[in-house]
**Q** 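Here's a structure for you.
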Amino acid sequence: MKNRHYLVFVGLLFIWSCGTEKTSETSQEPIVYKEVPEFSADSAYAYIQKQVDFGPRVPNTQGHRDTRDWLIQKLESFGLQVQTQDFQATTYDGLKWDLSNIIASYKPEASKRILLAAHWDTRRIADKDTERIDEPIDGANDGGSGVGVLLEIARIITSDQNQPDVGIDFILFDGEDDGEPEFSNIRNSNQIWWCLGSQHWSKNKHQSGYNAYYGILVDLVGAKGARFYKEGYSRQYAKNIVNKVWNFASELGYSDFFVMRDAPEIIDDHVFVNRNAGIPMINIVEFSPDYGFGHYHHTHADNMDLIDKRSLKAVGQTVLFTIYQE
Ligand code: AHN
Ligand code: ZN
């Protein structure tokens, strides 16, 4: 008992001495953050459920067309300025797919802009599964989660009395997830079959001369136990943004999710935004330096049972916080 009192006393002395030292010897201003609304993981979850209920969002299917119409209507209902970019692309096996990138703008008149992106299509096969390999996946996480988080951010910034100062463009890319199957030997050309929507947009922007201060891509952000590492191309093209976002996450108490550790580079939509559009863009993606993508990736385990609101909250609140500080 005596010992403990002593420890408390020494502890207080220590805190007191640190405190006085700080105020007397450094004149550093305390960092004052702008106030940020609450991100609702329940709402983001419902947006994911809605997408999954449309069925797989595989291009040239009814589920894809229905989801496209719903996304446009939803973004318009928030009062955003919505544009779609319809185009045709050829797949690795020679299909002609009708694809649509959906662009929704908040404060279109603002010159300082941030780009938030996710892909909304889903994979037509479950090539990493052991069963029903030729059937399309639900894509609750791969396709659904990024869109769910962005829709919730769009809902908040357009309805809360507290609004961010920057302009924001949401881009939902189509045709991200149709790279060659694991089991195929189509490695013929130097063409990349993934990310058809971002490849198209980055060479044909929705507005000539469009630019953004930086971009954040969210992909595979809703799985239970998700961990986000500092992905290679994000570090290569936008190191400061990666560090800023990871530090914000840590300040918000999400350092279990946003791990201060590097991961290798992966091909994803941000690569084309960086390379072709010249906009520094990071990727918040579940990709481990130890084992790569999660066990569910491109399997039928990527369904609603995989989705955990805690992961959605960590990512959604961190991205929301980031845009409110600009
Ligand atoms: C690779 O498989 C290397 N890139 C595709 C990234 C991806 C697929 N994200 C979601 N699905
Ligand atoms: Zn995928």
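First listed ligand is number 1; within each ligand, the first listed atom is number 1.
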**Q** Please check if atom CZ in R227 has more than 12 non-hydrogen atoms from other residues, nucleotides or ligands closer than 6.0 Å.
**A**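 Yes, the 6.0 Å shell around CZ holds more than 12 heavy atoms from other groups.
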
**Q** Inspect the contact between D177 and R124 and indicate whether a charged nitrogen and a carboxylate oxygen are less than 4.0 angstrom apart.
**A**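 No, this pair does not count.
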
**Q** Angle at the Zn ion (ligand 2) between OD2 of D177 and OD2 of D142, to 10°?
**A**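 Vertex at the Zn ion (ligand 2): approximately 90°.
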
**Q** If you measure from OH on Y92 to CD on E180, what distance do you get to the nearest 0.5 Å?
**A**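 One gets 8.0 Å once the value is rounded to the nearest 0.5 Å.
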
**Q** Return the orientation label for the W70 and F54 ring planes: parallel under 30°, perpendicular over 60°, tilted otherwise.
**A**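 Ring orientation of W70 relative to F54: tilted.
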
**Q** So which heavy atom in the protein is nearest atom 7 (C) of ligand 1, and how far is it from that ligand atom?
**A**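 Nearest protein contact, heavy atoms only, for atom 7 (C) of ligand 1 is E176 OE2, 3.1 Å.
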
**Q** For atom 9 (N) of ligand 1, what's the nearest protein heavy atom and its distance?
**A**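 Looking only at protein heavy atoms, the one closest to atom 9 (N) of ligand 1 is D219 OD2, 2.8 Å.
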
**Q** With heavy atoms of D142 as the reference, note each atom of ligand 1 found under 4.0 Å away.
**A**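 This gives 10 (C), 11 (N) as the contact atoms.
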
**Q** Going by the angle between their ring planes, with limits at 30° and 60°, are W201 and H206 parallel, tilted or perpendicular?
**A**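 Taking H206 first and then W201, their aromatic rings lie parallel (interplane angle under 30°).
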
**Q** Tell me the contacting part of H298 for ligand 1: side chain, backbone, both, or neither, using a 4.0 Å heavy-atom threshold, strictly below.
**A**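 Contact part for H298 vs ligand 1: side chain (C-beta onward).
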
**Q** How far does CG of L99 sit from CG of D121, to the nearest 0.5 angstrom?
**A**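 Separation between the atoms: 7.5 Å.
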
**Q** Is any N, O or S atom of H297 under 2.8 Å away from the Zn ion (ligand 2)?
**A**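 So H297 does not bind the Zn ion (ligand 2) by this criterion.
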
**Q** Looking only at distances, can you tell me whether any N or O atom of W194, backbone or side chain, sits closer than 3.5 Å to an N or O atom of ligand 1?
**A**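 N/O-N/O distance below 3.5 Å does not exist for this pair.
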
**Q** Do F257 and F228 have ring centroids that are under 6.0 Å from one another?
**A**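 For F228 and F257, the ring centres are not under 6.0 Å apart.
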
**Q** Hey, does H119 come in under 3.5 Å of ligand 1, counting only N/O atoms on both sides?
**A**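 Between H119 and ligand 1, no N or O pair is found under 3.5 Å apart.
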
**Q** What protein heavy atom sits nearest atom 4 (N) of ligand 1, and how far away is it?
**A**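 Ranking protein heavy atoms by distance from atom 4 (N) of ligand 1, first comes I267 O, 2.9 Å.
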
**Q** Is I266 close to ligand 1, meaning an N/O of one under 3.5 Å from an N/O of the other?
**A**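 No; the residue has no nitrogen or oxygen that sits under 3.5 Å from a nitrogen or oxygen of the ligand.
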
**Q** Enumerate the atoms of ligand 1 whose separation from the nearest heavy atom of H297 is less than 4.0 angstrom.
**A**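 Here the atoms of ligand 1 in question are 8 (C), 11 (N).
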
**Q** Could you tell me which non-hydrogen atom of I267 sits nearest to which non-hydrogen atom of C195, and how far apart they are?
**A**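 Of all heavy-atom pairs spanning I267 and C195, the closest is CG2-SG, 4.3 Å.
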
**Q** What protein heavy atom is closest to atom 8 (C) of ligand 1, reported as residue, atom name and distance in Å?
**A**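 I find the closest protein heavy atom is D177 OD1, 3.2 Å.
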
